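Small disclaimer: the values here were computed from a predicted structure and weren't measured.
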Number of protein chains: 2
Amino acid sequence: MSIHARPTLEDVAARAGVSRATASRVLNSSPRVSPEALEAVTAAVSELGYQPNRAARALVTRRTGAVAVLFSEPEPKIFDDPHFARLIRAGARALADVDVQMVLMLVHSPDDQARAHRFLAGGHVDGALVFAPHQNDQLVSVVKKLPLPVVYAGKPWGPLRGLHLVDNDNEGGAVLATEHLKSLGRKKIVHVTGPLDELSAIDRLSGFKSAMGIDDKASTKLTANGGFTTQGGRKAMAELLGKVPDLDAVFVASDLMAAGALEALHEAGKRVPEDVAVVGFDDHVAIAEHTEPPLTSVRQDSDQQVKHMVAHLMKLVREEPVKTKREMLPTILVRRESA
Amino acid sequence: MSIHARPTLEDVAARAGVSRATASRVLNSSPRVSPEALEAVTAAVSELGYQPNRAARALVTRRTGAVAVLFSEPEPKIFDDPHFARLIRAGARALADVDVQMVLMLVHSPDDQARAHRFLAGGHVDGALVFAPHQNDQLVSVVKKLPLPVVYAGKPWGPLRGLHLVDNDNEGGAVLATEHLKSLGRKKIVHVTGPLDELSAIDRLSGFKSAMGIDDKASTKLTANGGFTTQGGRKAMAELLGKVPDLDAVFVASDLMAAGALEALHEAGKRVPEDVAVVGFDDHVAIAEHTEPPLTSVRQDSDQQVKHMVAHLMKLVREEPVKTKREMLPTILVRRESA
DNA sequence: AGCCGGATTGCGATCGTTTTCATAGGGAGT
DNA sequence: ACTCCCTATGAAAACGATCGCAATCCGGCT
């Protein structure tokens with residue numbers, strides 16, 4: 001063992017005066033080790049600054065200690081939407097916490113899909129976290145038929161049976177928002193939706209409808225699509241001001257759109273919240289706290305969501321039993337000044 | 001070999017009627033293989049859908065086939081600045097292209113630094129790409145003393161000797177922008193800087209000063225710090241309008257700030273570009289094309305930058321000779337309507 | 001004293017590659 | 001025909017961990 005070579009388990013064992021096997025058992029916290037052995041090995045490990053060789057371990061355990069994180073999202077969104085950065089960050093954190101490598105793949109083109117498929121099928125990772133909210137996402141169909149543990153963020157489009165996922169309670173959050181507006185005494189409440197090829201947007205719309213006690217036909221008169229972008233939110237709000245001149249409250253399905261909606265309201269000379277009360281969704285602090293006025297919003301905790309996804313995935317990877325295939329995370333209303 | 005087990009090199013060799021060694025040589029494109037062997041093995045590989053086992057390879061080559069991508073940035077920025085998403089995306093793409101796994105680490109707290117240090121020292125990756133623009137970044141000092149190939153994005157703070165980096169020509173770009181404004185006949189040109197603990201911001205300021213032919217003292221009268229945020233850009237612009245009432249052009253050190261600056265100019269009743277010409281920096285399309293009016297900006301190609309960083313790093317990893325330790329990427333001016 | 005059984009331990013095989021070294025094969029040169 | 005050399009190949013030894021199996025130790029019983 002030269003000075004510069006990293007110590008191996010063999011070195012640790014020698015130093016601790018035990019065999020490789022025993023040292024290994026200590027590292028994997030097996031119960032079948034004597035207290036003395038445990039202590040000796042632990043000491044040796046820290047004295048030598050030993051770190052297990054991932055490759056060697058992976059070779060024999062047939063686990064890579066890495067998971068793929070797949071984002072399927074059209075180009076422009078990734079750049080604009082701060083939600084992504086947040087999710088990526090949460091993923092990096094949560095995976096690092098369990099000492100698993102995160103392999104990030106951004107999948108857009110069919111080329112990317114092919115690459116992702118090859119990579120996943122190649123057994124380079126133990127599992128995958130998939131963020132693919134859109135309708136007919138090819139990535140989902142590709143991933144589905146792979147013999148690989150997968151946990152989805154939110155509901156992917158298509159049949160859900162057999163899929164593992166962690167979703168936010170979009171519908172419940174929308175009900176919360178709408179009820180809040182009603183409780184303020186608002187009579188004419190409208191809704192700016194997200195793109196209706198995303199189930200989160202659809203669920204928020206359902207929540208709105210059910211809290212309002214209206215059906216599809218009635219709801220088209222009270223809603224407009226803002227596409228989850230600031231510009232879209234602005235336009236949708238303007239549209240609604242035209243369709244429903246006497247509106248006095250609006251539930252906007254994302255904070256990004258709400259920022260746009262506020263601009264449109266200001267331009268139309270409406271005061272918030274006096275004339276029109278506004279509730280957003282996401283509780284994206286960087287946005288919600290800096291709008292004029294600060295935005296009341298439904299909080300969905302992405303950090304928690306990702307953390308749960310990771311925990312769930314790791315169970316699947318270790319083939320531990322999971323109680324539920326689908327987890328639903330609660331949402332809460334955060335009051336600021338806009339409603 | 002059961003149906004479900006992935007084929008090994010042994011299987012490929014058997015099918016091709018050669019030995020493991022020869023098959024391996026084909027996979028690593030060694031020159032010492034006969035054309036027939038090459039063909040037979042290639043065929044066998046594709047028939048079996050063989051994919052080499054990374055762990056086994058890593059074990060013997062002592063290379064992991066993974067590199068770390070480290071971002072050191074205070075929390076809020078990561079969420080707001082679209083530049084990050086772009087860099088991450090470019091990194092994912094460029095690394096996937098060379099079939100290397102990207103391990104993303106976002107490093108903020110001292111805790112994160114410790115974790116990163118442990119991880120990097122643990123030999124879990126072959127090298128690292130480091131994005132750490134700020135002064136006195138602990139991450140840089142940690143990374144520096146590791147015996148690990150590292151390529152920096154832009155100049156890290158501190159002594160540069162021995163460091164490998166790929167930088168954009170910030171100074172040149174700033175000169176380009178300023179000269180352009182001069183060539184439009186503008187007489188009173190001011191500059192909104194980025195945070196002066198980032199060398200990119202400093203370099204852009206130097207470019208401005210040298211194109212204007214002014215010294216430090218003169219420059220403080222003509223500049224204000226916008227901190228690379230939209231809000232900051234707005235405030236800085238307002239400040240400059242106060243300090244230099246007769247200004248007729250402004251070079252803003254980032255598009256994000258330029259968006260803020262435009263708002264401030266509109267509020268002050270200035271027309272762009274008639275009263276005040278504006279040039280941004282980054283050519284961040286999602287911003288520059290949607291401002292009012294569309295923004296003339298200096299393009300720095302982040303995709304290229306990252307691609308070069310990856311190429312450079314891979315050379316270091318393979319211990320190939322590199323001609324220059326430092327690469328400088330050119331910038332160009334993209335004209336739109338603001339100047 | 002002899003035997004039994006549970007708790008610890010170590011031996012050695014194993015994972016799937018790369019790589020060194022020795023060998024076989026086959027012109028070319030004498 | 002014999003050597004010489006160069007090319008293509010294969011046998012086998014790594015790489016550093018995990019884990020099944022057998023061996024050892026020890027106290028407690030008979």
Spacing of [X] atom [atom1] relative to [N] atom [atom2], expressed in whole Å:
X: B:Glu10; N: D:dG10; atom1: CD; atom2: P; value: 11 Å
X: A:Asp11; N: D:dC15; atom1: CG; atom2: P; value: 11 Å
X: A:Arg20; N: C:dA13; atom1: CZ; atom2: C1'; value: 10 Å
X: B:Arg32; N: D:dA8; atom1: CZ; atom2: P; value: 6 Å
X: A:Glu36; N: D:dC26; atom1: CD; atom2: P; value: 12 Å
X: B:Gln51; N: C:dC15; atom1: CD; atom2: C1'; value: 18 Å

(Q) Would you say that B:Val166 contacts B:Tyr152 through its side chain, given a criterion of any heavy-atom pair below 4.5 Å between the two side chains? (A)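 Sidechains of B:Tyr152 and B:Val166: no contact.
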Would you say [X] places a side-chain N or O within less than 4.0 Å of OP1 or OP2 belonging to [N]?
X: B:Tyr50; N: C:dT17; answer: yes
X: B:Ser34; N: D:dT9; answer: yes
X: A:Ser24; N: D:dT18; answer: yes
X: A:Asn28; N: D:dT18; answer: yes
X: A:Thr8; N: D:dG16; answer: no

Q. Is there a donor-acceptor contact under 3.5 Å linking the side chains of B:Arg89 and A:His108?
A.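 Short answer, yes.
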Q) For the side chain of B:Leu9, counting heavy atoms from C-beta on, which of C:dT17, D:dT18, C:dT9 is nearest? A)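 The listed nucleotide nearest to B:Leu9's side chain is C:dT17.
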Q.
Of the listed nucleotides (D:dT9, C:dT17, C:dC11), which one gets closest to any side-chain atom of A:Ala21?
A.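 In terms of side-chain proximity for A:Ala21, the closest of D:dT9, C:dT17, C:dC11 is C:dC11.
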Q.
Under 4.0 Å, heavy atoms only, any strand: does A:Ala55 hit a base, just the sugar-phosphate, or nothing?
A. nothing
Q: Indicate, with a heavy-atom threshold strictly under 4.0 Å, whether A:Arg57 touches base, sugar-phosphate, or nothing.
A: sugar-phosphate
**Q.** B:Met105 and B:Arg115: CA distance, side-chain angles, deciding distance, side-chain contact (heavy atoms from CB on, under 4.5 Å) verdict
**A.** CA-CA 10 Å; B:Met105 308 192 76; B:Arg115 198 214 302 275; 4.2 Å; yes
Q) Between A:Arg6 and A:Asp11, is there a side-chain N and carboxylate O pair less than 4.0 Å apart? A) no
**Q.** Parallel, tilted or perpendicular: rings of B:Phe131 and B:Phe71 (30°, 60°)
**A.**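 Judged by the thresholds at 30° and 60°, the geometry between B:Phe71 and B:Phe131 is parallel.
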Q. How do A:Leu27 and B:Val33 order along DNA chain D: which one's closest nucleotide is nearer the 5' end?
A. B:Val33
Q | D:dG10 base / B:Arg25 side chain donor-acceptor hit below 3.5 Å | A | yes
Q.
A:Glu320: which residues meet the salt bridge (charged side-chain N to carboxylate O under 4.0 Å, His left out) condition with it, sequence neighbours left out?
A.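 For A:Glu320, the residues satisfying salt bridge (charged side-chain N to carboxylate O under 4.0 Å, His left out) (neighbours in sequence not counted) are A:Arg318.
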Q | Positive for side chain to side chain contact (heavy atoms under 4.5 Å, CB included) with A:Val69, one of A:Leu95, A:Leu87, A:Val130, A:Val310 | A | A:Leu95
Q: Kindly state which residues belonging to residues 58-67 of chain A come within less than 4.0 angstrom of DNA chain C, counting heavy atoms of the residue only, listed by number.
A: A:Leu59, A:Val60, A:Arg62
